[in-house]
Asks: 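Have a look at this one.
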Number of protein chains: 2
Amino acid sequence: MKPGASPDTFPPRSHEAKRISVVEAAASVFCREGFAGANIDLIAAEAGVSRQTVYNHHGDKEKLFIAVVRDLTERCNAGIFATIATFPDQPGDLEADLVGFAVRMNRNCICNRDGRFLRKLIQAEGERYPELFAEWREQGPGRTWSALAARFARLAYAGHLSIDDPDVAARQFLALVNAELQISFMLGGTPTEEEVLQSAGNGVRTFLRAFGRHKAASHAPRKSALVGA
Amino acid sequence: MKPGASPDTFPPRSHEAKRISVVEAAASVFCREGFAGANIDLIAAEAGVSRQTVYNHHGDKEKLFIAVVRDLTERCNAGIFATIATFPDQPGDLEADLVGFAVRMNRNCICNRDGRFLRKLIQAEGERYPELFAEWREQGPGRTWSALAARFARLAYAGHLSIDDPDVAARQFLALVNAELQISFMLGGTPTEEEVLQSAGNGVRTFLRAFGRHKAASHAPRKSALVGA
DNA sequence: ACAAAATTAGACACTCTTGTCCAAATCGTC
DNA sequence: GACGATTTGGACAAGAGTGTCTAATTTTGT
């Protein structure tokens with residue numbers, strides 16, 4: 001369709017670009033309609049290619065689905081580790097820094113397109129592809145939680161927190177900062193920035209009540225809305 | 001088979017029994033295969049009736065699906081409220097009592113057949129039936145969380161806990177005691193009794209670190225005592 | 001036992017989808 | 001501009017699933 005009008009960095013355009021386009025459209029359709037309900041014609045239309053091109057690139061529906069999951073898994077993991085790299089190892093204001101971290105995690109990894117899609121595919125089709133999702137499980141939550149636990153352990157060792165079991169604390173941290181987003185997650189929606197902030201703020205406050213080293217028990221209800229990108 | 005020997009209140013047995021059988025089989029198949037992937041013949045076979053009987057009772061596939069969701073919603077809500085009724089209002093050992101409550105909640109409401117099925121259907125098909133799941137949302141989590149918050153408020157008022165916002169505390173309680181079961185939930189599996197216990201134990205310990213009145217009770221309960229039953 | 005209601009099995013038309021094949025058009029590259 | 005690879009649109013066969021219909025059978029209520 002378009003001869004050459006992409007000003008960015010795409011040397012090989014048509015061939016790989018179409019492949020990517022197909023995988024992205026497929027992710028969208030698989031999520032919306034489920035594996036059985038997904039229609040190759042619709043995927044092709046949404047990707048702006050012909051049905052035959054879909055088959056040329058990916059063989060059949062099942063292979064396409066697997067490609068979608070692998071692609072999402074990879075991108076999500078990359079995003080999560082990139083975000084974990086921003087963990088506040090030397091916090092100035094511990095509460096504000098943890099809230100910022102939680103918001104980044106939610107915004108960039110859990111609530112974004114890839115995160116929502118991957119979660120939904122795992123929930124809907126996980127049982128049908130045990131080996132595929134076992135792979136995700138090891139590469140994703142397994143390593144993520146370990147990495148996060150290590151960061152919390154460091155914070156505790158530096159005297160900023162009082163933690164018995166860093167692995168438990170890491171999981172509970174994530175559970176707390178997402179506590180108020182469960183319904184949005186269930187229905188596949190995207191929480192508003194406000195909801196994310198609120199949930200993270202409340203979650204971190206409770207987390208610090210449990211694991212913080214209380215210099216002076218401050219029960220000042222505040223709305224720290226300083227969010228770094 | 002049995003001519004007329006129903007001792008209870010079931011004059012027409014086969015008729016209603018078949019209806020229930022169909023709905024249960026449908027729940028199982030819809031969950032396993034998704035709405036689009038579910039096959040009426042399979043549902044009929046799994047229910048032990050003929051396909052025509054399915055159509056006689058429920059009209060078409062979509063109506064059957066709606067009946068399934070309503071049925072699950074109703075039973076789940078009943079279970080949840082029955083379990084909330086066992087909340088430890090006058091705890092002897094607060095930690096042990098809360099762990100017991102959390103385990104009951106998980107075992108009887110969240111990890112059981114109905115809970116797993118309903119969760120999966122909401123996640124997979126929620127966006128397709130907005131009004132149906134809006135109904136679930138109001139009747140389910142909305143009222144559940146309120147009821148639980150009221151119980152926590154009462155505990156706080158009685159001096160057992162130190163809680164700012166009972167609604168937040170209730171949601172965080174649930175998030176904490178389920179923190180380590182997320183992956184099982186994702187993949188639709190049933191956590192072992194051990195896992196449930198472990199997660200509840202760790203969750204309650206953290207919850208009490210955050211909201212417990214640590215022996216040296218110094219703060220007076222000064223939250224609004226609006227505790228309705 | 002008898003009549004009404006419900007259930008069954010099977011055939012059926014219809015639609016939708018997958019995956020293949022092919023000739024024509026297009027694109028990328030030289 | 002030309003050549004090879006890719007893409008396209010459309011037709012196609014094969015299969016699966018929905019929902020209807022019917023005649024025969026079973027169950028239920030009286």
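In the text below, chain A, chain B and the rest are named by the order of the sequence lines, each starting its count at 1. Owing to the predicted nature of the structure, the values given are computational and were not obtained by experimental measurement.
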Asks: Measure NE2/A:His58 against P/D:dT7 and give the value in whole Å, please.
Replies: 11 Å
Asks: Who are the salt bridge (charged side-chain N to carboxylate O under 4.0 Å, His left out) partners of B:Asp167, not counting sequence neighbours?
Replies: none
Asks: Looking at residues at least two apart in the chain, or sitting in another chain, which of them share a salt bridge (charged side-chain N to carboxylate O under 4.0 Å, His left out) with A:Arg151?
Replies: A:Asp89
Asks: B:Asp97: which residues meet the salt bridge (charged side-chain N to carboxylate O under 4.0 Å, His left out) condition with it, sequence neighbours left out?
Replies: none
Asks: Is the shortest side-chain N/O distance from A:His15 to OP1 or OP2 of D:dT7 below 4.0 Å?
Replies: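 Yes.
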Asks: Mind checking what makes ring pair (Phe, Tyr, Trp, His ring centres under 6.0 Å) contact with B:Phe65, not counting sequence neighbours?
Replies: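 B:Phe30, B:Phe35, B:Tyr129.
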Asks: Going by an N to O cut-off under 4.0 Å, is there a salt bridge joining A:Glu24 and A:Arg113?
Replies: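 Yes, A:Glu24 and A:Arg113 are salt-bridged.
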Asks: Which residues pass the salt bridge (charged side-chain N to carboxylate O under 4.0 Å, His left out) test with B:Glu127, sequence neighbours left out?
Replies: A:Lys120
Asks: Atom CG of B:Leu64 to atom P of D:dT18: distance rounded to whole Å?
Replies: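 Interatomic distance, CG of B:Leu64 to P of D:dT18: 11 Å.
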Asks: Using a heavy-atom distance cut-off of less than 4.0 Å, which residues of residues 35-54 of chain B contact DNA chain C?
Replies: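 Hits under 4.0 Å, by residue number: B:Gly48, B:Val49, B:Ser50, B:Arg51, B:Gln52, B:Thr53.
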Asks: Would one find a side-chain N or O of A:Lys18 under 4.0 angstrom from OP1 or OP2 of D:dT8?
Replies: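 True: A:Lys18 side-chain N/O within range (under 4.0 Å) of D:dT8 OP1/OP2.
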Asks: How close or far is atom P of C:dA9 from atom OH of B:Tyr55, stated in whole angstroms?
Replies: 16 Å
Asks: What is the distance, to the nearest angstrom, from the NZ atom on A:Lys61 to the P atom on D:dA16?
Replies: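 My rounded result for the distance is 14 Å.
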Asks: Counting only side-chain heavy atoms from C-beta out, which of C:dT18, D:dT8, D:dT20 sits nearest to A:Asn56?
Replies: D:dT8
Asks: Nearest whole Å is fine: how far is D:dT7 P from A:Arg19 CZ?
Replies: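 Answer to the nearest Å: 10 Å.
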Asks: So does B:His57 get a side-chain nitrogen or oxygen closer than 4.0 Å to the phosphate oxygens (OP1/OP2) of C:dT7?
Replies: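 It does, given that an N or O in the side chain of B:His57 lies less than 4.0 Å from OP1 or OP2 of C:dT7.
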